[in-house]
Amino acid sequence: MTRERNQHVVPTKDGWAVKRAGSSRTTKVFDTQQEAIERGREIARNQRSELLIHGRDGRIREKNTYGRDLNPPKG
């Protein structure tokens, strides 16, 4: 079984957090979503994983793959 390393940018009561998928612990909390996205992107690139960006409502609004994409777009 592979270990999930995807990073999520999620809203919190204190700002925006970067969290690893499956972890209850937060990597770091930022004042702005943009700061959290930049850090999450850096981690995802280093780990060759996915970055999932959530909106204020908690729903995923964007996904970016930094590594081998198992489902690349057609065309």
Side-chain angles (χ1 to χ4, degrees):
M1 182 161 91
T2 61
R3 191 168 150 183
E4 189 71 48
R5 296 183 303 180
N6 294 341
Q7 300 298 314
H8 292 256
V9 173
V10 296
T12 69
K13 62 179 177 139
D14 298 321
W16 291 89
V18 176
K19 294 178 81 170
R20 187 177 76 202
S23 176
S24 60
R25 297 180 67 178
T26 299
T27 302
K28 188 168 181 183
V29 177
F30 298 88
D31 291 331
T32 68
Q33 186 184 40
Q34 187 59 42
E35 290 173 312
I37 290 170
E38 289 170 10
R39 179 63 181 132
R41 184 176 292 130
E42 185 178 306
I43 294 169
R45 281 184 177 149
N46 288 339
Q47 296 180 350
R48 300 182 55 82
S49 62
E50 255 190 327
L51 175 64
L52 294 91
I53 302 167
H54 297 253
R56 288 199 183 277
D57 61 2
R59 294 174 59 186
I60 295 171
R61 67 175 185 89
E62 186 178 336
K63 287 184 187 181
N64 296 294
T65 302
Y66 300 96
R68 187 171 158 254
D69 190 350
L70 299 176
N71 298 304
K74 294 179 182 175

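The analysis underlying the following values was restricted to heavy atoms, covering all of them including side chains, and did not include hydrogens, waters or symmetry mates. Along the sequence shown, residues are numbered consecutively beginning with 1.
Looking only at distances, no side-chain donor or acceptor of Asn64 sits under 3.5 Å from a matching main-chain atom of Leu51. Counting only distance, with no hydrogens or angles, the side chain of Gln33 and the backbone of Gly55 share no donor-acceptor pair below 3.5 Å. For Arg5 (side chain) and Gln47 (main-chain N/O), a donor-acceptor pair under 3.5 Å exists by modelled atom type.
Sequence neighbours left out, the pairs with a member in residues 29-47 that pass salt bridge (Lys or Arg N to Asp or Glu O under 4.0 Å) are Arg39-Glu42.
Applying the side-chain contact (heavy atoms from CB on, under 4.5 Å) test to Arg48 and every residue at least two apart in sequence or in another chain returns nothing.
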Verdict with supporting geometry, Thr26 and Val10, side-chain contact (heavy atoms from CB on, under 4.5 Å): CA-CA 10 Å; Thr26 299; Val10 296; over 6 Å; no

Would Trp16 and Ile37 satisfy side-chain contact (heavy atoms from CB on, under 4.5 Å), going step by step from the backbone distance to the final call? CA-CA 9 Å; Trp16 291 89; Ile37 290 170; over 6 Å; no

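In this structure, Phe30 and Val9 have side chains that are not in contact, with every pair of non-hydrogen atoms separated by 4.5 Å or more.
The two residues Thr27 and Arg20 make their nearest non-hydrogen contact at OG1-N, 4.2 Å. Across all their heavy atoms, Ala21 and His8 have their closest contact at CB-NE2, 3.7 Å. Nearest heavy-atom pair across Asn6 and Ser49 is OD1-CB, 3.6 Å.
Annotation for Leu52: hydrophobic cluster partners, listed by chain and number, are Ile60 (ILVMFWY side-chain heavy atoms under 4.5 Å, direct or chained).
Rounding to the nearest 0.5 Å places CD of Glu50 at 5.5 Å from NZ of Lys63.
Val29 and Ile43 fall into different hydrophobic clusters, where Ile, Leu, Val, Met, Phe, Trp and Tyr residues are linked whenever their side-chain heavy atoms come under 4.5 Å apart, directly or through other members.
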